[in-house]
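Working notes for the structure below.
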Amino acid sequence: MRKSVDEQFEIIKLGAVEIVPEDELKRKLAKSERENRPLRIKLGIDPTAPDIHLGFAVPLRKMRQLQDLGHEVVLIVGDFTASIGDPSGKSETRPMLSAEQIRANAETFTAQFWIILDRSKTTLTFNGDWLGKMTFGDVVTETSRVTVARILERDDFQKRLAEERPIGLHELMYPIAQALDSVEVRADVEIGGTDQKFNILMGRDLQESHGQEAQVGLFMPLLPGLDGVQKMSKSLGNYIGITESPKDMFGKAMSIPDEVMPAYFELAAGMQATEVETIVRGIESGQIHPMDAKKRLASEITRIYHGEEAAQSAREEFERVFSQREIPTEMPEVSIPSDQFRDGRIWIVRLLTAAEMAKSNGEARRLVEQGGVTIDGERISDVNAEMEIRDGQILRAGKLRFARLRISG
RNA sequence: GGUGGGAUUCCCGAGUGGCCAAAGGGAGCAGACUGUAAAUCUGUUGCGGAACGCUUCGGAGGUUCGAAUCCUCCUCCCACCA
């Protein structure tokens, strides 16, 4: 049975930072119920990198909630806008991606949507379909609706101006392009991270000047990246991809700083605020060990994307390798060509580069000198060591990199 | 179009003829410690089987015994004026 307007509103509001404006959303919900017409919920994503990460999963999961409430989800893959590059939070112009790159990314992307969203209730669109067909005249008409001062209000642009960094003219077009998407799909609500505020509000302006009802902006919090400081983003590489292996997902989650745990519990694990509160208090009072809390968090995240069993074994594996300092159950095998050997021995530095554990001899030397290299648990500290290797021995560099050695050729 | 400022290693940024493979910070990597791939502390971060050598400071030339540093041209960026 359909939920009441107030119930829906409360569900939608859950976890959101801001709804602009709230009463308009209520009105839209009421109208939707009256007319028995689902709201059109828009979410855009630019395929600038091949993976969807936990940060983007936040608005996606919100989309899913709306879907479950019976609303219509319109996903816009920004194949066109990706070529501009969203200036949001960027202090630099983004390199424009090639068409092939974008297409390739879009493909892996769309496949990943259905991990979270219900495919049967989703409209998938590509904004190149309309933005790419506009004539220069169309563009001039649209840009005439917006003033330069209005665009330059954006804090990213302000900051760049203040820092005397370049701003490409095309970048000023980005908010307009995104806003035109809203016009095109006649969005009732657009979901985005708080960094999308400007773009989404621009959508409201343009819709109105096109004689449409303005969309409501639904802003979700940004998930901090693995560094705990910057937002999780593809370009910063501080992310957990939703298709990563259980082991990596768990491990990466364990590597976040303690301070951002609450944010992860709420945003990445989808835990209720009150429940998070209980954990935070438990940690503060010393009743819950921070590490246990983090293991729980990592398990929960892994479970969402890989299921209970995988989460459990990822946890066991983690404890085996890091808490008990044992070797992992699985590790890559590397084959070392036998022509690398001289008199049955191989120089340790060569072994490391051959196993691709170091990019250069210098790096390999450093690893050895710093005591990070072991073979079958035995530390190798002599840079000049000539090793006699047996098939199946385990080479380890640092805490994380393991390989089983195979001699080939 | 005019005037002035700028481009340095993964990023930021110091360096204005040799003491510069280039300070400092960030980030990464390693070690110690532990509570985890948290935090903290220490070390380390161009390439080469490395005593020594080789390639790097937007690009191309040039001056000099010697250039990131000086000169010429070029490319790109910023500010102000128009």
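No experiment lies behind these values; they were computed from the predicted model shown.
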* Structure fact -> By the Watson-Crick or G-U definition, both distances under 3.5 Å, B:rA50 is matched with none
* To do: Could you check whether A:R315 gets within reach of a base, just the sugar-phosphate, or nothing at all, counting any heavy atom under 4.0 Å?
  => nothing
* Structure fact -> Checking B:rG35, B:rC29, B:rA37 against the side chain of A:D248 (C-beta onward), the nearest is B:rA37
* Asked: What pair of heavy atoms forms the shortest contact from A:R64 to A:D118, and how long is it?
  -> NH1-N, 3.5 Å
* To do: Would you mind pulling out the nucleotide paired to B:rG35, Watson-Crick or G-U wobble, both distances under 3.5 Å?
  => none
* **5′-ward residue of the pair A:A253/A:R379 relative to RNA chain B** => A:R379
* To do: Using the P atoms only, state how far B:rC20 lies from B:rA68, rounded to an integer number of Å.
  => 13 Å
* **Nearest-neighbour nucleotide for the A:K294 side chain, B:rG48, B:rA30, B:rA38 considered** => B:rA38
* Asked: Considering only B:rU44, B:rC78, B:rA37, which nucleotide approaches the side chain of A:P166 most closely?
  -> B:rC78
* To do: Using a strict 4.0 Å threshold on nitrogen-to-oxygen distance, state whether A:R345 and A:E386 make a salt bridge.
  => no
* Any strand is fair game: report the nucleotide pairing with B:rC57 by Watson-Crick or G-U wobble, both distances under 3.5 Å, or none. => none
* **Base partner of B:rC29, which must satisfy Watson-Crick or wobble distances under 3.5 Å** => B:rG43
* Spacing of A:D227 atom CG relative to B:rA39 atom C1', expressed in whole Å -> 15 Å
* Residues A:D376 and A:R396 bridged, charged N to O under 4.0 Å -> no
* To do: Output yes when A:E10 and A:K3 qualify as a salt bridge under the 4.0 Å nitrogen-oxygen rule, no when they do not.
  => no
* Residue matched to B:rC20 through Watson-Crick or wobble contacts both under 3.5 angstrom -> none
* What nucleic acid atoms does A:E386 come within less than 4.0 Å of, heavy atoms only: base, sugar-phosphate, or nothing? -> base
* To do: Report yes if a donor N or O on one partner sits less than 3.5 Å from an acceptor N or O on the other, where the partners are the side chain of A:D258 and the base of B:rG35; otherwise report no.
  => yes
* Looking only at atom C1', what distance separates B:rC10 and B:rG46, rounded to whole Å? -> 12 Å
* Going by atom types alone, do A:Q178 and A:T81 pair a side-chain donor with an acceptor below 3.5 Å? -> no
* Flag the pair A:R186 and A:E213 as a salt bridge only when some basic side-chain nitrogen lies within less than 4.0 angstrom of an acidic carboxylate oxygen. => no
* Both distances under 3.5 Å, Watson-Crick or G-U wobble: report the partner of B:rA7, or none. => B:rU75
* Watson-Crick/G-U partner (both atom distances under 3.5 Å) of B:rU64 -> none
* Structure fact -> Paired to B:rC80 by Watson-Crick or G-U wobble criteria (both distances under 3.5 Å) is B:rG2
* Taking atom types as they are modelled, is there a donor-acceptor pair under 3.5 Å from the base of B:rG31 to the side chain of A:Q370? -> no
* Reckon A:L226 touches a base, only the sugar-phosphate, or nothing at all at heavy-atom distances under 4.0 Å? -> nothing
* Using a heavy-atom cut-off of under 4.0 Å over every strand shown, decide if A:P257 touches base, sugar-phosphate, or nothing. => sugar-phosphate
